[in-house]
Each structure stands twice: as C-alpha cells, then as structure tokens.
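Worksheet: the structure to be examined is printed underneath.
Because only heavy atoms are used, hydrogens play no part in the values below, and waters and symmetry mates are left out as well, while side chains stay in.
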Amino acid sequence: MKLASIDIGLKRIGLALSLTKSLVTPQTAILRKNRNQASNDVDSFLKEWEIDKLIVGFPSSSDDMQKRVKHFVNLLKFEGEIAFQEENMSSIEAEELMKGDIKYKRDGRVDSLAAKIILERYLAKN
C-alpha cells in the first residue's frame, strides 16, 4: 500500500511518501498561494504517485487550525482512504533535525520533514 502524508500550514504544505512500510521520504513542499491551487497541487502529487492512503497531520491544540485542516481536506478530490494523525511538536522536532543545516530557510524542507515524522508516527502506531 502506497502512503503519503501532508503537514498543512498557512504558507506551505509538507509532503512525505512511503512506498514500503520501512521507508518514509520527505518530498518537495508545496508553496501555498491559495487553497484551490494548493489542493490541486496535492491532488496532482497523490495521483502521480498512485497513493492509496493519505495521512493528514492533525493539530490537537488549536480548534482554528483543526477547522482549517478539515476544510482543506474537503477540497481534495482524492478518492483513497484518509486518516488523521496527531501532529503536535512535529515541526519543532523537524527543526531540531535541521539544526546545523547550511543556510536554514523557510523553503519547505522543515514542513516536509514534519510530514515525514507524522507518517512515521502513523506507521509505528498501526
């Protein structure tokens, strides 16, 4: 089963992919101009990789972000299974992993690393 995960943010959407249960790789993040463009880009990614199941990072600490995440997921045309996975602290954990990286900047690498962490948590739990 091919799995993908997304870490939905207001400016970027982190992506990660797992074609086997033992390996999760971060992908290039989607820079978000608006909801429709971002949802279309996510749909294209899912279709290109023939993803069976999408794991969506879900924040438990913010009702506002929970509503935004649910709304974004409803915009997707993805017909596979969708599961939500607790994402708390995944971005902070990703930033820790990136420390020491040359010229750290907001180019989406942290967001995709957070998506990788979310997917790894999901696989460990299931």
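Residues satisfying the side chain to side chain donor-acceptor pair (under 3.5 Å) criterion with N40, sequence neighbours excluded, are absent altogether. Remark: F84 pairs with F58 by the ring-ring contact (aromatic ring centres under 6.0 Å, His included) rule, at least two apart or across chains. Checked against side chain to side chain donor-acceptor pair (under 3.5 Å), R35 has no partners two or more places apart in sequence or in another chain. Residues passing the side chain to side chain donor-acceptor pair (under 3.5 Å) test with S60, sequence neighbours excluded: E86, N88. Taking E81 as the reference, K53 meet the side chain to side chain donor-acceptor pair (under 3.5 Å) condition, with sequence neighbours excluded.
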| Stepwise, does the salt bridge (Lys or Arg N to Asp or Glu O under 4.0 Å) test hold for K67 with D63? | CA-CA 6 Å; K67 288 176 189 169; D63 289 339; over 6 Å; no
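Between K47 and D43, none of the side-chain N atoms (NZ, or NE/NH1/NH2) sits under 4.0 Å from a carboxylate O, so this pair counts as no salt bridge. The pair D111-R12 meets the salt-bridge criterion, with a side-chain N (NZ, NE, NH1 or NH2) lying under 4.0 Å from an Asp/Glu carboxylate O.
I8 has its side chain out of reach of V42: every pair of non-hydrogen atoms, C-beta onward, lies at least 4.5 Å apart. A heavy-atom distance below 4.5 Å is found between the side chains of R68 and L10. Between Q85 and R121, the closest side-chain pair of non-hydrogen atoms falls below 4.5 Å. You'll find the side chain of T28 stays beyond 4.5 Å of the side chain of L15, heavy atoms only. Looking only at side-chain heavy atoms (C-beta outward), V73 and F78 stay at 4.5 Å or farther from each other.
Panel note: side chain Q66, backbone P59; a donor-acceptor pair is recorded below 3.5 Å. Here the side chain of Q27 pairs no donor or acceptor atom with the backbone of A4 at under 3.5 angstrom. A donor-acceptor pair under 3.5 Å is absent between the side-chain atoms of S112 and the main chain of R109, judged by distance alone.
Hydrophobic clustering, with ILVMFWY side chains joined whenever heavy atoms are under 4.5 angstrom apart, keeps V56 apart from I117. In the hydrophobic cluster analysis, where Ile, Leu, Val, Met, Phe, Trp and Tyr join through side-chain heavy atoms closer than 4.5 angstrom, L17 is grouped apart from L113. Both I6 and W49 sit in one connected hydrophobic cluster of ILVMFWY residues. Membership requires side-chain heavy atoms under 4.5 Å apart, directly or through other members.
Through side-chain heavy atoms spaced under 4.5 Å, either directly or across other Ile, Leu, Val, Met, Phe, Trp or Tyr residues, I118 is tied to M1, L3, V24, I55, L119, Y122, L123.
Residues N34 and Q37 come closest through the heavy atom pair OD1-N, 2.7 Å. S5 and A115 get closest at one heavy-atom pair: OG-O, 2.6 Å. Between G9 and R32 the shortest heavy-atom distance is O-NH1, 2.9 Å.
Going from atom CG of L19 over to atom CD1 of I51 covers 6.5 Å, rounded to the nearest 0.5 Å. With rounding to the nearest 0.5 Å, the separation of CG in N36 from CG in L75 is 6.0 Å. One distance of note links CD1 of I82 with CG of L54; it measures 5.5 Å at 0.5 Å rounding.
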